[in-house]
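Input: a single structure, listed below in structure tokens.
Each chain gets a letter, A, B and so on, in the order the sequences are listed, and its residues count up from 1.
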Amino acid sequence: MKVLVPVKRVVDYNVKVRVKSDGTGVELANVKMSMNPFDEIAVEEALRLKEAGKATEVVVVSIGPAQASETIRTALAMGADRGILVKAEGNVEPLAVAKILKAVVDAEQPGLVILGKQAIDDDSNQTGQMLAALLGWSQATFASKLEVEGSDFKVTREVDGGLQTIKLKGPAIVTTDLRLNEPRYASLPNIMKAKKKPIDDKSVADYGVDVTPRLEVLKTAEPAGRKAGVKVKDVAELVNKLKTEAGVL
Amino acid sequence: MTTLLIAEHDHETLKDSTNKALTAASQLGGDVHVLVAGGGQGTKAAAEAAAKLAGVTKVLVAEGPAYEHDLAEPLAALIVALAPNYDAFVAPATSRFKNVMPRVAALLDVMQVSEIIKVVAPDTYERPIYAGNAIQTVKSKDAKKVITVRTSTFAAAGEGGSAAIENAASAADPGLSSFVGEEVAKSDRPELTSAKIIVSGGRAMQSRENFAKYIEPLADKLGAGVGASRAAVDAGYAPNDWQVGQTGKVVAPELYVAVGISGAIQHLAGMKDSKVIVAINKDEDAPIFQVADYGLVADLYQAVPELTEALGKLGK
């Protein structure tokens with residue numbers, strides 16, 4: 001079984017983004033970029049399937065600017081076999097990403113696609129579900145456990161009330177939650193080896209997908225700020241303030 | 001314009017998140033119909049509750065085994081089957097609808113607007129990006145709108161309606177997935193997303209036992225829900241459904257008490273809209289103090305039992 005893992009290049013999770021003063025977006029110049037953390041978990045899970053003999057090949061795909069090839073290299077250094085870069089400029093919305101991924105799936109014929117549940121830049125949480133819809137495949141979002149059963153899958157999902165386990169008919173879409181695994185660090189020899197692994201260069205035009213945004217961004221603004229309050233000296237003062245000043249007790 | 005609001009319920013009672021999403025749905029300006037899809041007898045009771053909500057003009061009920069376990073494929077198929085009659089589809093951003101609504105959107109060839117926090121105009125909304133560190137105003141150019149609602153920012157709609165209840169035309173179950181089992185904790189405590197007070201613990205709790213020994217008695221004294229930071233959940237000190245943050249639950253209670261939580265960006269994203277924030281942490285430089293209204297620099301193992309006792313004396 002081939003496993004396809006889409007990965008996104010995003011602002012590193014440790015960076016506190018700043019909104020541009022003209023309200024046209026957030027400041028991305030000279031900001032550290034990394035692989036979306038949920039996608040790292042997806043790559044790791046695919047590699048574990050391969051190491052357990054359940055997957056034969058792990059292919060990573062990224063849609064974005066030329067620099068997204070660095071994100072693919074990161075996945076290759078972790079152990080993925082090969083990459084596909086679909087070059088696209090500007091903001092590509094989840095629906096358009098899902099359409100491009102559908103075309104990639106049609107060409108690659110994987111038995112499983114593992115994606116991060118959401119990208120930490122736009123926080124949309126849509127692409128996996130949309131891809132499942134476009135392919136007419138089964139889906140299991142927010143996975144904390146994944147088992148292969150022949151060409152089918154058993155997935156435990158993190159839901160509002162606790163955990164839910166479902167069975168998926170393969171081929172299937174799985175999106176990762178935080179507790180699925182802890183991604184490995186790439187070792188130096190593997191980073192060197194990754195430089196020789198192939199990355200296929202494609203463009204959006206190769207797939208004939210219209211990526212015109214459906215959502216027009218009118219403005220990007222700072223959220224309402226919150227000021228630091230006061231430090232209290234002990235529990236008695238805290239209770240007193242909550243009772244008399246805040247009125248929440 | 002007619003909006004279809006898809007109801008959140010537990011197959012017995014309607015959830016508060018439905019009332020909150022209804023407020024957003026009503027602000028789109030058209031008629032609001034509610035779809036209650038579920039398995040078993042309780043679905044009807046939830047539908048009757050939905051029919052009483054102010055501003056609802058019709059309730060559609062779909063009852064069947066395919067809707068019993070919140071599987072994405074049959075519920076998405078049902079909503080798409082109803083789509084020709086509607087201009088907008090609104091659901092609360094609970095785990096069920098985060099799962100289902102993008103599938104609906106793609107089948108309708110619509111770009112979903114996730115987790116809106118404000119309706120600016122019927123086609124224009126505000127939504128947080130980058131863990132709430134920026135707020136984007138977006139205008140949807142799609143003919144139909146698919147929207148999930150961050151319920152912590154909308155007031156709950158009340159009762160006062162008397163809508164007709166009809167059976168929804170059924171849709172075929174694609175049969176792609178099936179339910180195996182679930183682990184759902186039963187608790188008498190209020191749910192995180194509707195609790196007026198929340199007490200959360202972080203990595204400094206050190207163990208599940210300490211959550212039970214320190215956090216839970218304080219929460220019970222306050223009649224509060226119990227939350228946790230990602231670090232505490234990752235370490236196994238608390239179950240996943242307690243996680244508050246960017247990718248967990250987003251809450252905005254009257255009072256949020258953060259115990260032993262340093263205040264990573266990802267955690268702040270889930271609670272910084274709380275009305276009053278209290279932080280108890282022994283590290284006086286912890287970022288949580290930058291958003292806390294009341295900060296107490298102290299060892300939680302002393303301060304929390306003291307606080308629990310002091311509240312007891314207040315008659316809590």
Side-chain angles (χ1 to χ4, degrees), chain A residues 11 16-17 19 26 93-95 98 117-118 120-126 129-130 132-134 137-142 144 154 158-169 178-179 214-223 226 228-232 235-236 238-239 241-242 246 248-249, chain B residues 71-73 76 94-95 98-99 102-103 105-107 111-114 124 128-142 176-185 230 234 239-241 247 254-255 265 272 276 278 289-297 303 306-307 310-311 314:
Chain A
V11 171
K16 191 176 185 302
V17 298
V19 174
V26 301
E93 292 173 341
L95 181 63
K117 75 164 180 181
Q118 88 190 49
I120 60 165
D121 50 4
D122 63 25
D123 283 334
S124 286
N125 189 342
Q126 299 174 359
Q129 297 90 312
M130 287 182 156
L134 297 176
W137 288 10
S138 57
Q139 71 182 56
T141 48
F142 325 143
S144 64
K154 197 164 109 181
E158 295 197 356
V159 295
D160 284 344
L163 297 169
Q164 180 199 50
T165 303
I166 60 173
K167 220 179 142 164
L168 301 180
K169 219 178 250 181
L178 293 167
R179 260 69 63 177
R214 308 288 188 84
L215 302 181
E216 184 186 349
V217 179
L218 302 180
K219 188 173 76 176
T220 304
E222 292 265 4
R226 200 177 174 111
V230 296
K231 291 252 171 70
V232 293
V235 166
L238 175 63
V239 171
K241 292 254 190 204
L242 288 177
V248 288
L249 291 182
Chain B
L71 297 172
E73 301 89 357
T94 55
S95 62
K98 285 178 185 172
N99 186 33
R103 191 170 180 110
L107 291 171
M111 178 56 206
Q112 171 176 304
V113 189
S114 295
T124 307
I129 54 173
Y130 289 97
N133 286 303
I135 307 295
Q136 213 171 41
T137 305
V138 295
K139 179 175 176 173
S140 168
K141 295 187 274 189
D142 285 311
L176 294 167
S177 61
S178 55
F179 175 77
V180 176
E182 63 188 356
E183 287 172 50
V184 174
R230 175 193 168 180
D234 280 359
N240 66 281
D241 48 292
T247 69
E254 302 276 309
L255 173 62
I265 298 170
K272 67 184 167 64
V276 175
V278 170
F289 289 122
Q290 291 164 19
V291 299
D293 299 284
Y294 303 105
L296 176 60
V297 180
E306 237 183 89
L307 179 57
L311 291 169
L314 272 182

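A 4.5 Å side-chain heavy-atom check between A/Gln164 and B/Ser95 finds every atom pair outside the cut-off. Within the 4.5 Å cutoff, side-chain heavy atoms of B/Asp293 are placed close to those of A/Arg226.
Pairing each heavy atom of A/Ile166 with each of B/Phe179, the nearest pair is CG2-CA, 4.3 Å. Nearest heavy-atom pair, B/Gly132 versus A/Pro223, reported as atom, atom and distance to 0.1 Å: O-CG, 3.2 Å.
When the candidates A/Gln126, A/Met130, A/Lys16 are compared by the number of heavy-atom contacts under 4.5 Å with chain B, A/Gln126 comes out ahead. Options A/Val159, A/Val232, A/Thr141 differ in how many heavy-atom pairs under 4.5 Å they form with chain B, and the most are formed by A/Val232. Comparing A/Glu93, A/Lys169, A/Glu158, A/Arg179 by how many heavy-atom pairs each has under 4.5 Å with chain B, the most go to A/Arg179. Between chain B and the options A/Leu215, A/Thr220, A/Val26, the largest number of non-hydrogen pairs under 4.5 Å is found for A/Leu215. When each of B/Glu73, B/Lys98, B/Met111 is checked for heavy-atom pairs under 4.5 Å with chain A, B/Met111 comes out on top. Comparing B/Thr94, B/Leu71, B/Thr247, B/Val184 by how many heavy-atom pairs each has under 4.5 Å with chain A, the most go to B/Thr247. For chain A, the option among B/Leu176, B/Leu107, B/Val278, B/Ile265 with the highest count of heavy-atom pairs below 4.5 Å is B/Leu176. Highest contact tally toward chain A, considering only B/Ala185, B/Ser178, B/Ala310, B/Ala134, is held by B/Ser178 [criterion: heavy-atom pairs under 4.5 Å]. The most heavy-atom pairs under 4.5 Å with chain A, out of B/Val138, B/Val297, B/Asn133, B/Ile135, come from B/Ile135. Options B/Leu296, B/Leu255, B/Leu307 differ in how many heavy-atom pairs under 4.5 Å they form with chain A, and the most are formed by B/Leu296. Among A/Asp160, A/Val235, A/Leu238, the residue making the largest number of heavy-atom pairs under 4.5 Å with chain B is A/Asp160. Interface check for chain B: of the options A/Asn125, A/Leu168, A/Ile120, A/Val11, the most heavy-atom pairs under 4.5 Å are formed by A/Ile120.
Residue contact with chain A, scored on non-hydrogen atoms closer than 4.5 Å, involves the backbone of B/Ala292 exclusively. Interface residue A/Leu218: backbone and side-chain heavy atoms are both found under 4.5 Å from chain B. With a threshold of 4.5 angstrom between heavy atoms, A/Val239 approaches chain B through side-chain atoms but not through N, CA, C or O. Residue contact with chain B, scored on non-hydrogen atoms closer than 4.5 Å, involves the backbone and the side chain of A/Val230 alike. When heavy atoms are compared at a cutoff of 4.5 Å, B/Val113 approaches chain A by way of both its backbone and its side chain. Proximity to chain B (any heavy atom under 4.5 Å) is shown, for A/Ala98, by neither the backbone nor the side chain.
Counting non-hydrogen atoms of other residues, nucleotides and ligands closer than 6.0 Å to NZ of A/Lys154 gives a total of 12 or fewer. More than 12 heavy-atom neighbours from other residues, nucleotides or ligands sit within 6.0 angstrom of CD on B/Glu254.
Put simply, CD on A/Glu216 and OG1 on B/Thr124 are 8.5 Å apart, with the number rounded to the nearest 0.5 Å. With values rounded to the nearest 0.5 angstrom, A/Leu163 atom CG is found 4.5 Å from B/Asn240 atom CG. Rounded to the nearest 0.5 angstrom, B/Gln112 CD and A/Leu95 CG are separated by 10.5 Å.
For A/Asp123, there are no salt bridge (charged side-chain N to carboxylate O under 4.0 Å, His left out) partners at least two apart in sequence or on another chain.
In terms of modelled atom types and a separation under 3.5 Å, the side chain of A/Gln139 and the main chain of B/Asn99 share a donor-acceptor contact.
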